[in-house]
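Down below is the structure, laid out as structure tokens.
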Amino acid sequence: MTVTLADVAARAQVSPATVSRVLNGNYPVAASTRERVLRAVDELDYVLNGPASALAAATSDLVGILVNDIADPFFGIMASAIQAEIGGPGGRAGGERLAVVCNTGGSPERELTYLTLLQRQRAAAVVLTGGAVEDTAHAEAVAAKLRKLAQAGTRVVLCGRPPAPDTGSAALTFENRGGARALTEHLVGLGHRRLGYIAGPGERTTTRHRLEGHRAALAAAGIEDDPRRTVHGRYDRRSGYEATLELLRRDSSLTAIVAANDSVALGACAALRESGLRIPEDVSVAGFDDLPFSIDAVPSLTTVRLPLAEAGARAGRIAMGREEQPPGGIASVRGELMVRGSTGVPRAS
């Protein structure tokens, strides 16, 4: 059943005119009243009618792109590729489409807020990039939002994110487990047995999948997974620097460090150099993603190349209806091991 303005007014115990003032923002309203109205809007999942031009069609010309951190090249590359595919003519009456990049900052609450706002604006398409938060309640809330978007005619694409079953969305998933396993197998093949691992935030699906791939390679080689050799942190350079110092404090005999991504790997390299260790003569370092700076690092980073631009472009085409969804709505995107100068045979014990 469609929720009306009157329903919101009844829930908030105010007049319909007050609800309209709060939502339009064109008249002073007491803060406590505004809070009650907005809470009622969220509880009832009320969708505000957009501009009159949008009401004439099932959707508007707005396309939302959700990213965790637009300053992170991982997300910037995908967002740029997506936007390139949705730009240009093709909207209603042949007009341009407007791409809006929504930076969540990794906040689950903000992610839900952006999805609600895009639903209210009757977005033509929504693309969610990167890993998801591993929280059952949040996953259910996101799935409910995605279903409502799809039911309203919005195309929903997940790029580099696990599938969301029964939501009408398409998913291009990154093969993080396989890539991480290949990376650690490469190091084990060189002779490394004492490997440290710098993982991402524990609540992210990308973190778990990459760590599972690393541990699978260790198990296959008969190497004990010592919990002291794994440190969690953010997906940034500073985290890599701090985590490497902590790993060295725990075990100074490490001969290799596997990082959650290339930015983390750069921080690891800085910490090793400041500790008087050479790369790769004393300690090998490996990253993940093959971001543009990886090949220019000294030494250049061994990493797993994810086709971020290609995946983003495909997500954009699917979002615009210029490419069919993959069979079953899901396609796996594989990475490629890039062996460079930051990894080598371990030093003699």
Query - Heavy-atom pair of closest approach, residues Thr255 and Arg193 - result: OG1-N, 4.4 Å
Requested in this report: Identify, with sequence neighbours excluded, every residue that meets side chain to side chain donor-acceptor pair (under 3.5 Å) alongside Thr205.
Outcome: none
Query raised in the report: Is a side-chain N or O of Arg317 found less than 3.5 angstrom from the main chain of Glu323, in a donor-acceptor match?
Result: no
**Report entry** For Ser169 against Gln325, the heavy-atom pair lying closest together
**Finding:** O-OE1, 4.4 Å
**Report entry** Donor on one side chain, acceptor on other, Ser107 and Thr104, under 3.5 Å
**Finding:** no
Query raised in the report: Checking Asp262 side chain against Phe288 main chain: does a donor-acceptor pair fall under 3.5 Å?
Result: yes
Report summary line: Here the pair of heavy atoms bringing Ile77 nearest to Pro292 is CD1-CD, 3.7 Å
Requested in this report: Please report the closest heavy-atom contact between Ala143 and Thr167, naming both atoms and the distance.
Outcome: O-CG2, 3.7 Å
Report task. Would you confirm whether Arg177, through its side chain, and Arg210, through its main-chain N or O, come within 3.5 Å as a donor-acceptor pair? Result -> no
Query raised in the report: Taking only residues at least two apart or on different chains, which pairs with a member in residues 105-118 satisfy salt bridge (charged side-chain N to carboxylate O under 4.0 Å, His left out)?
Result: Glu111-Arg161
Report task. Could you tell me whether the side chain of His192 and the main chain of Leu187 form a donor-acceptor pair under 3.5 Å? Result -> no
Report task. Might you point out which heavy atoms bring Ile86 and Ala99 nearest each other, and give the distance in Å? Result -> CD1-CB, 3.4 Å
**Report entry** salt bridge (Lys or Arg N to Asp or Glu O under 4.0 Å) evaluation trace for Glu310 with Arg305
**Finding:** CA-CA 12 Å; Glu310 294 88 337; Arg305 180 186 182 274; 3.1 Å; yes
Report task. State whether the number of non-hydrogen atoms from other residues, nucleotides or ligands found under 6.0 Å of Gln13 atom CD is greater than 12. Result -> no
Report task. Look at the side chain of Tyr46 and the backbone N and O of Arg120, then say whether any donor-acceptor pair between them is shorter than 3.5 Å. Result -> no
**Report entry** Connected hydrophobic set around Leu118, excluding itself, where side chains approach under 4.5 Å
**Finding:** Leu62, Leu66, Leu98, Val100, Leu112, Tyr114, Leu115, Leu117, Val126, Leu128, Val142, Leu146, Leu149, Val156, Leu158
Query raised in the report: If two hydrophobic side chains count as joined below 4.5 Å and joins carry through other members, does Met338 share a cluster with Val258?
Result: no
Report task. Could you check if a side-chain atom of Asp290 sits within less than 4.5 angstrom of a side-chain atom of Leu308, using non-hydrogen atoms only? Result -> no
Report summary line: Heavy-atom closest pair (Pro16 atom, Leu5 atom, distance to 0.1 Å) is O-CD2, 3.4 Å
Query raised in the report: Taking only residues two or more places apart in sequence or in another chain, which ones pass side chain to side chain donor-acceptor pair (under 3.5 Å) with Thr4?
Result: Asp7
Report summary line: In this structure, OG of Ser284 is separated from CD1 of Ile257 (nearest 0.5 Å) by 10.0 Å
Query - Residue list, side chain to side chain donor-acceptor pair (under 3.5 Å) with Ser253, at least two apart or on another chain - result: Arg194, Asp251
Requested in this report: Tell me, please, which residues at least two apart from Ser263 pass side chain to side chain contact (heavy atoms under 4.5 Å, CB included).
Outcome: Asn261, Leu291, Phe293
Query raised in the report: To the nearest 0.5 Å, what is the distance between OH (Tyr235) and OG1 (Thr207)?
Result: 2.5 Å
Query raised in the report: Looking only at atom types and distance, does a side-chain atom of Thr154 sit under 3.5 Å from a main-chain N or O of Ala150, one as donor and one as acceptor?
Result: no
Report task. Go through the structure and list residues passing side chain to side chain donor-acceptor pair (under 3.5 Å) with Arg181, not counting sequence neighbours. Result -> Glu185
Query raised in the report: Does any pair with a residue in residues 264-283 pass salt bridge (charged side-chain N to carboxylate O under 4.0 Å, His left out), and if so which ones, sequence neighbours excluded?
Result: Arg278-Asp282
Query raised in the report: CG/Asn103 to CD1/Ile70 distance, rounded to the nearest 0.5 angstrom?
Result: 6.5 Å
Report task. Among residues two or more places apart or on two chains, list those pairs meeting salt bridge (charged side-chain N to carboxylate O under 4.0 Å, His left out) that have a residue in residues 163-174. Result -> none
Query raised in the report: Taking NZ, NE, NH1 and NH2 as the nitrogens, is one of them in Arg249 or Glu246 under 4.0 Å from a carboxylate oxygen of the other?
Result: yes
Query raised in the report: Nearest 0.5 Å, what's the NE2-CG distance between His186 and Leu183?
Result: 7.5 Å
Could you pull out all donor-acceptor pairs under 3.5 Å where a side-chain atom in residues 326-337 meets a protein atom, sequence neighbours excluded?
none

Query raised in the report: Yes or no on salt bridge (Lys or Arg N to Asp or Glu O under 4.0 Å) for Arg228 and Asp226, after CA distance, side-chain angles and deciding distance?
Result: CA-CA 5 Å; Arg228 296 179 307 139; Asp226 186 341; 3.0 Å; yes
Query - Between Thr302 and Thr343, a side-chain donor and acceptor under 3.5 Å - result: yes
Query raised in the report: Can you tell me how far the CG atom of Leu172 sits from the SG atom of Cys159, to the nearest 0.5 Å?
Result: 5.5 Å
Report task. Scan for salt bridge (charged side-chain N to carboxylate O under 4.0 Å, His left out) pairs involving residues 125-139, sequence neighbours excluded, and state none if there are none. Result -> Glu134-Arg208
Requested in this report: Could you tell me which residues satisfy ring-ring contact (aromatic ring centres under 6.0 Å, His included) with His214, sequence neighbours excluded, listed by chain and number?
Outcome: Tyr197
Query raised in the report: Where the side chain of Ser342 meets the backbone of Pro299, is there a donor-acceptor pair that is under 3.5 Å apart?
Result: no
Report summary line: Value for CZ (Arg234) from CG (Asp72), rounded to nearest 0.5 Å, stands at 12.5 Å
